[in-house]
Amino acid sequence: MSSKSTHRDILLVVDLQNDFLPGGALAVPDGDAVVPIANALASRFAHVALTQDWHVPGHLSFASSHPGKAPFGTILLPYGPQVLWPDHCVQGSVGAEFAPGLAIPRAELIVRKGYRREIDSYSAFCEADRVTRTGLAGYLRERGFTRIYLAGLATDFCVAWSALDARGAGFDVYVIEDACRAIDTGGSLDAAWSGMREAGVHRVTSQALMT
Ligand code: VGL
Ligand code: ZN
């Protein structure tokens with residue numbers, strides 16, 4: 001990116017938090033592999049922002065909030081189907097902290113999401129009710145960014161939903177595939193890539209960006 005990154009480009013590093021790493025409450029297989037890649041990418045971008053999954057205790061996306069329900073099942077909430085997860089990324093917990101190996105002090109913004117008990121938010125732009133906005137699109141527009149590059153966890157949830165919403169908000173979107181890892185439950189990864197392809201999300205490698 002040294003030659004190509006412009007002031008219209010921003011790298012958005014999604015949810016590189018302890019709970020999504022091996023040993024965490026909602027571990028993404030091989031999730032720790034993307035930390036050094038994100039660090040390397042970040043050093044090539046003029047602008048970087050981070051997202052942080054940031055749930056209140058008792059969040060409705062937690063299986064533990066629904067007696068008799070198990071993680072990775074689905075329930076119907078007022079806004080539609082909701083996958084149930086193990087308790088994860090609770091505000092102020094160690095699990096919600098960024099990966100210890102993440103070294104991106106230059107990040108200009110940290111977007112927190114999922115902090116309303118009744119609404120999940122995979123997307124960094126729009127919560128799961130598909131109405132409540134995080135404010136990120138407005139921020140990025142006001143800063144003059146037109147291209148968003150995505151890395152982080154998980155490919156099939158927070159990365160994919162963020163990519164789709166970024167497209168919907170009119171940005172050019174690139175998912176850096178080797179800088180992401182997936183949860184892959186119930187066909188979610190295939191569905192995510194098809195949805196992103198149909199929406200015109202570009203799929204690139206970190207190598208292509210860093211050479
Ligand atoms: C995520 C499930 C629940 C993610 C967050 O970061 O992809 N997935 N909360
Ligand atoms: Zn979450």
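As the structure lists them, so they are numbered: ligands from 1, and atoms in each ligand from 1.
Every atom of ligand 1 is numbered from 1 in the order shown, and the set under 4.0 Å from a heavy atom of Tyr122 is 2 (C), 3 (C). Counting atoms of ligand 1 from 1 in the listed order, those under 4.0 Å from a heavy atom of Ala154 are 4 (C), 6 (O), 7 (O). Proximity to Cys158 (heavy-atom distance under 4.0 Å) selects the following atoms of ligand 1: 1 (C), 4 (C), 5 (C), 6 (O), 7 (O). Contact atoms of ligand 1 toward Asp15: 4 (C), 6 (O) (distance under 4.0 Å to a heavy atom of the residue). Close approach of ligand 1 to Asp53 is summarised as follows: ligand atoms under 4.0 Å from at least one heavy atom of the residue are 5 (C), 9 (N).
At a heavy-atom distance under 4.0 Å, only backbone atoms of Leu153 (N, CA, C or O) approach ligand 1.
For ligand 1, the polar-atom distance check against Asp120 finds no nitrogen or oxygen pair separated by under 3.5 Å.
Restricting Asp53 to its N/O/S atoms, the shortest distance to the Zn ion (ligand 2) is reached by OD2.
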Ring pair (Phe, Tyr, Trp, His ring centres under 6.0 Å) evaluation trace for His55 with Tyr115: CA-CA 5 Å; His55 298 306; Tyr115 47 74; 9.5 Å; no

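Not a single heavy atom of Gln17 sits closer than 4.0 Å to an atom of ligand 1.
Ring centroids of Phe145 and Phe171 are separated by 6.0 Å or more, keeping the two rings apart. Phe125 and Trp161 have their aromatic ring centers separated by at least 6.0 angstrom.
Atom OG of Ser188 sits about 10.0 Å away from atom CZ of Phe72, to the nearest 0.5 Å. Within the model, atoms CG of Leu60 and CZ of Arg116 stand 13.5 Å from one another, a figure rounded to the nearest 0.5 Å. The distance from the CD1 atom of Ile176 to the CD1 atom of Ile37 is 9.5 Å, given to the nearest 0.5 Å.
The NE2 atom of His55 and the NE2 atom of His88 subtend an angle of 90° at the Zn ion (ligand 2), given to the nearest 10 degrees.
Other residues, nucleotides and ligands place no more than 12 heavy atoms under 6.0 Å from the CZ atom of Arg8.
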